[in-house]
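Comments concern the structure below.
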Amino acid sequence: MIDVILLLGRLLFVALLYLFLFALMKTGIGLVKGQRAKEKSWYVSVERGPKELRGVRMAVHGPVIVGRAPGADIVIGASYVSGRHARFNLMGSNLFVEDLGSTNGTAVNGRLIAEPVALRDGDVVNVGDVAMRVRFE
């Protein structure tokens with residue numbers, strides 16, 4: 001009889017331990033989600049271009065390469081796009097775009113760029129006939 005009572009006590013202890021750990025993890029995850037919700041991030045969304053790219057939205061947490069090469073982060077399969085055409089890059093909380101020596105160039109708000117350009121919320125970056133809008137949300 002004592003063995004059954006000890007076994008039930010152990011099972012109850014393990015169950016309470018798991019409930020405690022679950023509550024602790026749930027609280028920790030809630031705190032992390034609350035902190036991340038306050039942070040703003042840069043996003044690049046394709047507004048105009050091939051059907052398969054329209055609506056694609058990508059958060060920028062590091063360098064994002066746009067080009068025709070399969071290794072690019074945003075692959076544009078068109079002959080007017082270079083293998084590594086342009087790069088979005090974060091420097092602190094600022095987002096920059098630079099042309100990587102492409103044949104047809106990269107434009108910001110309709111103007112061709114020759115050096116890295118700091119972007120503002122709502123700017124449009126053109127790679128050929130593909131238009132990408134940047135957002136800071």
Side-chain angles (χ1 to χ4, degrees):
M1 181 68 179
I2 192 79
D3 292 335
V4 173
I5 293 172
L6 286 175
L7 178 64
L8 288 175
R10 287 181 189 156
L11 290 174
L12 181 63
F13 176 73
V14 169
L16 289 173
L17 183 62
Y18 275 108
L19 283 174
F20 172 74
L21 290 174
F22 176 74
L24 189 67
M25 290 299 294
K26 188 175 177 184
T27 302
I29 290 171
L31 289 173
V32 170
K33 280 185 180 177
Q35 290 171 351
R36 296 196 109 201
K38 296 174 189 172
E39 290 181 18
K40 285 187 163 187
S41 295
W42 284 99
Y43 294 90
V44 176
S45 20
V46 179
E47 290 189 341
R48 192 180 72 235
K51 277 185 184 179
E52 62 271 7
L53 283 180
R54 270 184 254 146
V56 169
R57 185 171 188 233
M58 176 181 278
V60 180
H61 297 294
V64 173
I65 303 292
V66 178
R68 193 175 65 228
D73 299 304
I74 299 176
V75 178
I76 302 171
S79 59
Y80 54 80
V81 177
S82 299
R84 291 173 47 91
H85 196 99
R87 174 175 44 222
F88 291 95
N89 207 7
L90 278 175
M91 291 185 192
S93 63
N94 297 317
L95 181 64
F96 288 80
V97 66
E98 68 178 303
D99 187 76
L100 298 175
S102 67
T103 304
N104 296 316
T106 303
V108 175
N109 298 324
R111 294 190 175 144
L112 285 175
I113 61 171
E115 56 189 30
V117 173
L119 297 170
R120 295 183 313 244
D121 185 33
D123 281 351
V124 176
V125 177
N126 291 89
V127 174
D129 65 351
V130 176
M132 296 170 278
R133 185 171 301 274
V134 294
R135 293 278 183 205
F136 188 62
E137 320 177 326

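What you see is a predicted model; the values in this text were computed from it and never measured.
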Exercise. Hey, any chance V56 and L95 share a hydrophobic cluster, counting ILVMFWY side chains that come within less than 4.5 Å of each other, even indirectly?
Worked result: yes
Problem set entry | Shortest non-hydrogen separation from M132 to I74 and the atoms involved | SD-CD1, 4.3 Å
Problem set entry | pair H85-D99: side-chain heavy atoms closer than 4.5 Å | yes
Exercise. Is the number of heavy atoms from other residues, nucleotides or ligands within 6.0 Å of CZ (R54) greater than 12?
Worked result: yes
Exercise. Rounded to the nearest 0.5 Å, how far apart are CG of L12 and CG of L8?
Worked result: 8.5 Å
Exercise. Which residues pass the salt bridge (charged side-chain N to carboxylate O under 4.0 Å, His left out) test with R87, sequence neighbours left out?
Worked result: E98
For this session: For the pair D121 (side chain) and F136 (backbone), establish whether a donor and an acceptor sit closer than 3.5 Å, ignoring hydrogens and angles.
Result: yes
Review item, side-chain donor-acceptor pairs of residues 107-117, under 3.5 Å, at least two apart:
| from | atom 1 | to | atom 2 | distance (Å) |
| --- | --- | --- | --- | --- |
| N109 | OD1 | V124 | N | 2.9 |
| N109 | ND2 | D123 | OD1 | 3.0 |

Seminar exercise, completed: Tightest non-hydrogen contact, residues P63 and D73, listed as O-OD2, 3.6 Å
Problem set entry | Of all pairs that satisfy side chain to side chain donor-acceptor pair (under 3.5 Å), the ones with a partner from residues 44-53, not counting sequence neighbours | E47-R133
For this session: Can you see which heavy atom on A78 is nearest to which on R68, and at what distance?
Result: O-CD, 3.3 Å
Problem set entry | Heavy-atom closest pair, residues S93 and W42 | O-NE1, 2.9 Å
For this session: Would you indicate whether the side-chain heavy atoms of V81 and V130 approach each other to under 4.5 Å?
Result: no
Exercise. Taking all non-hydrogen atoms of both residues, which atom of A72 and which atom of G67 are closest, and how far apart?
Worked result: CB-N, 3.7 Å
Exercise. Can you tell which of V66, L53, V127, I76 makes a side chain to side chain contact (heavy atoms under 4.5 Å, CB included) with V46?
Worked result: L53
For this session: May I ask whether L119 and M58 are part of the same hydrophobic cluster, defined by side-chain heavy atoms of I, L, V, M, F, W, Y residues being less than 4.5 angstrom apart, directly or through others?
Result: yes
Exercise. Do you know the tightest heavy-atom contact between V75 and A69?
Worked result: CG2-O, 3.6 Å
Problem set entry | hydrophobic_cluster_shared for V134 and L90, side chain cutoff 4.5 Å | yes
For this session: Give, for atom CG of L7 and atom CD1 of I2, the distance between the pair rounded to the nearest 0.5 Å.
Result: 12.0 Å
